[in-house]
Amino acid sequence: NEREENSRAHFWQEDYEMPSIGGIGKGMTGRVTPHLNSISQDFTQMAKHGLLNQIVGRREEIKNIADILSGEKVNILIIGEPGSGKTSIVKGIAQKIFKGIEYKSLKFKRIVSLDPGALVAGTSNSGTLADKLKIVMEEIKASGDIILFIDEIQNLLISENAQNGDVPSTPFAVLEPYLATNRLQFIGATNVANYRKHIETNGSFSRLFDVVEIQEASKSDTLEILKVVARKFENQYKIIISYPALRKVIELGDKLIHERVMPDKAIDILNRTASGISNSTKFLTAEDVAIEISQVTKVPVSSISQD
């Protein structure tokens, strides 16, 4: 894999890709956004500075969402279980924007992730929160180059005083008119249960979105992801991780751990196992994985490979 990536690095190589100017960055194509910057992360800038992990797999989902953003639809809601990779997909689009090779209509956009906790911090009442959010939304609208991303969007839509989530929140009341104007682009993310409880039931709000459902990562995609994170864990814990161990993580995680989804649970299992053996041995095997999963699931090691 590393050889294939390196084969694109030099112009005399057969697979060389001509670099293209991607996202220029804040302040270059749009207005400055000081209030937004104080409560957000700029994924496109992070991609520019190499601060985003390599996004493995999910090519179809990234292409689907990027194609929607390149067309007439401007608001997208990504639905998927926790750990399925919703935020990673958005970061993958930011990387594509920065590289500038695909999706020419997005090449000068920047994806900015709003932190709901930072938004609420320091606001003493709903009026203060509304004013703060309006200032941020006006900056986004005036800038013209921002795709706003809010993870766990249901947290902004549930009023503190709501019973069963049926009372509109202050952020909801502020957000709705901005999203309805098609003057800015927006990506929200939530899980299936919260979508059905808090968003789908609110027809006026749910109609603003093109819904994209993200399924659990496939075993093949999860294996490719584990190859990448294994390198990180090897460096972090000063160990060597065997390839059969990666396959065992996926096999047993799929069979025995059902409350979480791939790739999140596979990464967690590998991290737990790597951390556990780092003080005793320097080589992580499939047997080490089986022992760790046995401890997590309370299934005896002697039974863990049985149907």
Where do I79 and V211 come nearest, in terms of heavy atoms and distance? CD1-CG1, 3.2 Å
Within the structure provided, determine whether N53 and V228 are in side-chain contact (heavy-atom separation under 4.5 Å). no
Between S143 and I140, is there a donor-acceptor pair closer than 3.5 Å when you use the side chain of the first and the backbone of the second? no
In this structure, would V249 and V261 fall into the same cluster of hydrophobic residues linked by side-chain contacts under 4.5 Å? no
Backbone of Q154 reached by a side-chain donor or acceptor of N194 within 3.5 Å: no
Looking only at non-hydrogen atoms, find the nearest pair between Q95 and I55 and report the distance. OE1-CG1, 3.1 Å
Side-chain heavy-atom pair F205, I199 within 4.5 angstrom cut-off: yes
Are the side chain of K86 and the backbone of I214 linked by a donor-acceptor contact shorter than 3.5 Å? no
Let me check something: do L270 and V296 share a hydrophobic cluster, defined by ILVMFWY side-chain heavy atoms less than 4.5 Å apart, either directly or through other members? no
As a quick check of understanding, evaluate side-chain contact (heavy atoms from CB on, under 4.5 Å) for F149 and I111, giving each step before the final call. CA-CA 7 Å; F149 172 59; I111 297 182; 4.3 Å; yes
In this structure, would L208 and V74 fall into the same cluster of hydrophobic residues linked by side-chain contacts under 4.5 Å? no
Quick one: list whatever passes side-chain contact (heavy atoms from CB on, under 4.5 Å) with D264, sequence neighbours left out. R260
Is Q236 atom CD crowded by more than 12 heavy atoms from other residues, nucleotides or ligands, each under 6.0 Å away? yes
Can you tell me how far CD of Q215 sits from CD of E81, rounded to the nearest 0.5 angstrom? 9.5 Å
Check whether T44 reaches the backbone of A94 with its side chain - one donor and one acceptor, N or O, closer than 3.5 Å. no
Is a side-chain donor or acceptor of T181 paired with a backbone partner of Y178 at a separation under 3.5 angstrom? yes
From CZ (F172) to CD1 (I153), nearest 0.5 Å: 10.0 Å
Close side-chain approach of Y237 to N271, heavy-atom, < 4.5 Å: yes
With a 3.5 Å distance limit and no angle check, can you tell me whether K132 reaches the backbone of A121 through a side-chain donor-acceptor pair? yes
Contact between Y103 and L69 at the side-chain level, heavy atoms closer than 4.5 Å - yes or no? no
Can you give me the closest heavy-atom contact between S84 and P263, atom names plus distance? O-CD, 4.0 Å
Could you state the interatomic distance from CD1 (I93) to NZ (K109), rounded to the nearest 0.5 Å? 13.5 Å
Any chance you could lay out the side-chain hydrogen bond (donor to acceptor under 3.5 Å, both in side chains) test for N202 and S206, step after step, and finish with the verdict? CA-CA 6 Å; N202 190 318; S206 63; over 6 Å; no
Pairs meeting criterion salt bridge (Lys or Arg N to Asp or Glu O under 4.0 Å) with involvement of residues 199-222, two or more places apart: K219-D254
Where F283 and D288 come nearest, the two heavy atoms and their spacing: O-OD2, 3.4 Å
Nearest 0.5 Å please: distance from the CD1 atom of I68 over to the CD1 atom of I187. 9.5 Å
CA sep, side-chain torsions, deciding dist, call: I267, L226, side-chain contact (heavy atoms from CB on, under 4.5 Å): CA-CA 7 Å; I267 295 171; L226 287 186; 4.2 Å; yes
Is there a side-chain contact between M137 and L148, using heavy atoms and a 4.5 Å cut-off? yes
Could you tell me if the side chain of Y243 sits less than 4.5 Å from the side chain of L223, heavy atoms only? yes
Stepwise side-chain contact (heavy atoms from CB on, under 4.5 Å) test for L36 and I146: CA-CA 11 Å; L36 174 64; I146 292 171; 3.6 Å; yes
Within the 4.5 Å heavy-atom criterion, are D268 and I257 side-chain neighbours or not? no
Side chain T297, main chain I293, donor-acceptor under 3.5 Å: yes
Is the number of heavy atoms from other residues, nucleotides or ligands under 6.0 Å of K134 NZ greater than 12? no
Is there a path from I240 to V229 through hydrophobic residues (I, L, V, M, F, W, Y) whose side chains come within less than 4.5 Å of each other? no
Within 45° cone and under 6.0 Å: K91 NZ/CZ vs F43 ring: yes
For K282 and S278, indicate whether the former's side chain and the latter's backbone hold a donor-acceptor pair under 3.5 Å. yes
Specify the closest pair of heavy atoms between A286 and S242, including all atoms of both residues, with the distance to one decimal. N-OG, 4.2 Å
Passing option when F186 is tested against L114, I150, L77 for side chain to side chain contact (heavy atoms under 4.5 Å, CB included): I150
With a 6.0 Å cut-off (strictly less than), is the heavy-atom count around CD1 of I135, excluding the residue itself, greater than 12? yes
Main-chain N/O of I269 paired to T273 side chain as donor or acceptor, under 3.5 Å: yes
Distance (rounded to the nearest 0.5 Å) between T190 OG1 and N155 CG: 8.0 Å
Looking only at heavy atoms, which two atoms of V289 and A245 are closest? And how far apart? CG2-O, 3.7 Å
Contact list for residues 49-66, test salt bridge (Lys or Arg N to Asp or Glu O under 4.0 Å), sequence neighbours left out: R58-E61, K63-D67
Distance check, rounded to the nearest 0.5 Å: F98 atom CZ versus H49 atom NE2? 8.5 Å
Do P244 and T285 have side chains that approach each other closer than 4.5 Å (heavy atoms only, starting at C-beta)? no
Using the rule given for side-chain contact (heavy atoms from CB on, under 4.5 Å), can you reason through I97 versus R110, listing the C-alpha separation, both sets of side-chain angles and the distance that settles it, and then say yes or no? CA-CA 8 Å; I97 290 174; R110 57 187 181 107; over 6 Å; no
For H35, does its backbone N or O pair with a side-chain atom of E139 as donor and acceptor, under 3.5 Å? yes
